[in-house]
Amino acid sequence: MSRSEALADGFPDLSGHRIARQAHWGRWLTAAIIVVILLAIGRAFARGQIEWSFVERFIAAPVILRGIVNTMVMAVAAMTLGIALGVVVAIMRLSPNPVLRTVAAGYTWLFRGTPLILQLLLWFNLALVFPTIGIPGLWSARAVDVMTPFLAALLGLGINQGAYTSEVMRAGLLSVDIGQYEAAQAIGMGRLQALRRIILPQAMRVVIPPLGNEFIGLVKATSLASVIQYPEVLHSAENIYYANSRVIELLIVAGLWYLLVVSILTPLQMLLERRFARGIARSR
Amino acid sequence: MKPLVAIRQVSKHFGEFQALKQVSLDVFEGEVVCLIGQSGSGKTTLLRCVNQLTSADSGGIWLDGELLGFREQDGRLHRLSEREIARQRLACGMVFQRFNLFPHMTALENIIEGPVQVQKRKPAEARDAAMALLRRVGLADKAGSYPSQLSGGQQQRVAIARALAMTPRLVLFDEPTSALDPELVGEVLGVMKQLATSGMTMLVVTHELGFAREVADRVVYMDQGVIVESGPAGEVLRAPREARTRAFLAAEVG
């Protein structure tokens with residue numbers, strides 16, 4: 001039998017009571033207002049000058065489908081280049097070597113400091129600066145032949161993305177506790193091996209949400225490549241409406257495709273996050 | 001007999017603050033030496049200099065006769081390459097106050113990381129050796145657990161196994177029980193005692209005077225960057241000669 005002291009009177013036993021449901025009148029009211037507003041907007045669009053049949057006809061047109069494939073190919077290729085550059089530049093930024101640090105800071109400054117569309121136009125028109133390009137004595141070619149819309153878009157988007165990604169990566173590397181680096185050194189690892197085996201895997205957990213953000217931004221930024229004739233989905237939509245003047249309908253087609261792609265990317269990001277959360281307690 | 005570690009006239013500044021002032025110390029093979037003293041007395045800095053996580057401003061440290069961090073040539077010291085320093089570090093195991101296990105790896109993966117990635121041993125062999133070490137620290141059933149699933153005491157025991165997996169000449173302990181809940185201190189000290197009995201050379205920064213009294217061959221008392229008193233554990237702890245040592249011990253015992 002456990003010993004206990006006498007308790008004060010006047011405090012009844014509530015352990016058997018159920019908790020009553022709350023009414024939440026405010027929630028019902030705001031929901032009703034929002035439904036009314038949405039209906040009004042929907043009605044306005046239904047009655048507006050939009051031929052929805054054109055949207056239906058072009059949503060799966062071969063040119064549009066080829067356009068969205070090109071958009072995805074460019075987004076993935078440019079992001080791959082961007083991440084590769086971003087990792088290298090972030091590591092350079094944190095290097096003890098002042099030359100590497102300065103080069104890395106200069107790169108970020110230059111490519112974050114100028115508009116993306118300007119960079120795309122510069123790459124595309126590189127032939128105006130360098131009519132022929134190549135390695136002296138080994139190989140050379142006319143720049144107009146080499147600098148296709150695809151290559152210009154890849155370099156423009158990828159190198160620009162690398163500048164932003166390097167800052168995301170740097171934040172990730174800095175978020176890892178210094179003790180992790182010391183523990184890696186204590187088992188005889190060099191700087192690069194410690195980064196690759198110990199620091200980067202932990203930094204990935206932190207950088208995936210902002211990188212997902214960056215990638216979604218890049219998917220939409222590929223539309224800028226339409227100005228240098230890269231046949232991505234907006235470029236395809238524009239070409240169609242130059243011919244049939246159904247501007248709004250085709251912009252809606254392109255918009256729906258962007259929305260679909262971004263909607264698919266969000267759950268993919270969740271999967272990646274789970275992969276890199278290995279060993280981290282769920283509660284955190 | 002030549003000492004395994006010879007520390008000579010080592011000084012270290014952090015800005016204006018002088019953490020070590022011309023410190024000299026020998027540690028012989030098989031010895032357990034405990035460094036005691038208040039926070040800020042320089043004992044952790046001295047320990048970190050031995051495996052070059054901190055580099056001394058002046059002075060020298062020799063491990064097994066080899067000068068650490070520098071090559072002496074024509075009366076000048078030339079800094080060694082990062083690769084050379086990494087090789088020299090293999091001789092020292094290090095156990096940190098805050099464990100510093102790799103959180104994205106299981107206990108077993110933490111232990112075999114160094115042997116496989118740095119020493120290029122065969123994974124199967126490293127795995128067998130790691131399991132033997134886990135049994136030795138009493139955690140054979142936790143091989144597949146991540147650090148976040150282990151208690152502080154268990155994490156520190158895995159960290160000790162990780163240090164031993166590199167087959168070091170000596171193991172450095174930086175306040176290995178200071179970050180632990182009181183009821184978990186005993187299990188870590190138990191593993192350290194067993195390690196001392198097996199003949200491992202150990203340099204231990206600690207506040208656990210009971211452990212020092214029981215296990216240490218020698219105790220070194222540091223204050224304000226200098227070694228105030230050092231000698232056999234029984235003498236320094238029971239009958240300190242210096243007034244500062246007596247004051248510290250009186251305060252520690254309470």
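Source: prediction; values computed, not measured. Just so it is clear: chains get the letters A, B, ... in the order the sequence lines come, proteins before strands, and each one is counted from 1.
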**R127(B) atom CZ: more than 12 heavy-atom contacts under 6.0 Å** = no
**Prompt:** With a 4.5 angstrom heavy-atom cut-off, which part of Q193(A) approaches chain B: side chain, backbone, both or neither?
**Reply:** side chain
**Request:** Answer yes or no: is there a donor N or O on one side and an acceptor on the other, between the side chain of N100(B) and the main chain of G179(A), under 3.5 Å?
**Result:** yes
**Asked** For atom CZ of R101(A), is the number of surrounding heavy atoms from other residues, nucleotides or ligands below 6.0 Å larger than 12?
**Response** yes
**Item:** For the student: nearest non-hydrogen atoms of G188(A) and A86(B), plus distance
**Value:** O-CB, 3.5 Å
**Request:** For the pair Q185(A) and I85(B), evaluate side chain to side chain contact (heavy atoms under 4.5 Å, CB included) and give the outcome as yes or no after the intermediate values.
**Result:** CA-CA 9 Å; Q185(A) 284 183 305; I85(B) 290 175; over 6 Å; no
**Request:** Can you tell which part of P103(B) gets under 4.5 Å to a heavy atom of chain A, answering side chain, backbone, both or neither?
**Result:** both
**Asked** So do the side chains of M105(B) and P201(A) get within less than 4.5 Å of each other, counting heavy atoms only?
**Response** no
**Request:** Can you establish whether the number of heavy atoms outside I19(A) located under 6.0 Å from its atom CD1 is more than 12?
**Result:** no
**Message:** What part of R48(B) gets within 4.5 angstrom of chain A, counting heavy atoms only: side chain, backbone, both, or neither?
**Reply:** side chain
**Prompt:** For H17(A), does the NE2 atom sit with more than 12 other heavy atoms under 6.0 Å from it, leaving out its own atoms?
**Reply:** no
**Request:** Compare all side-chain heavy atoms of I187(A) with those of Q117(B) and state whether any distance is below 4.5 angstrom.
**Result:** no
**Request:** Name the option with the most non-hydrogen atom pairs under 4.5 Å to chain A; the candidates are L101(B), N51(B), L172(B).
**Result:** L101(B)
**Message:** When you compare the side chain of H104(B) with that of M204(A), does any pair of heavy atoms fall below 4.5 Å?
**Reply:** no
**Item:** Atom CD of Q22(A): over 12 foreign heavy atoms under 6.0 Å
**Value:** no
**Request:** List the atom of F102(B), the atom of A183(A), and the distance in Å for their closest heavy-atom pair.
**Result:** CE2-CB, 3.8 Å
**Request:** In sequence, state the C-alpha distance, the side-chain angles, and the governing distance for E82(B) and R191(A), and then conclude on salt bridge (Lys or Arg N to Asp or Glu O under 4.0 Å).
**Result:** CA-CA 8 Å; E82(B) 196 193 303; R191(A) 210 180 103 76; 5.3 Å; no
**Message:** Would you say NZ of K120(B) has more than 12 non-hydrogen atoms from neighbouring residues, nucleotides or ligands within 6.0 angstrom?
**Reply:** yes
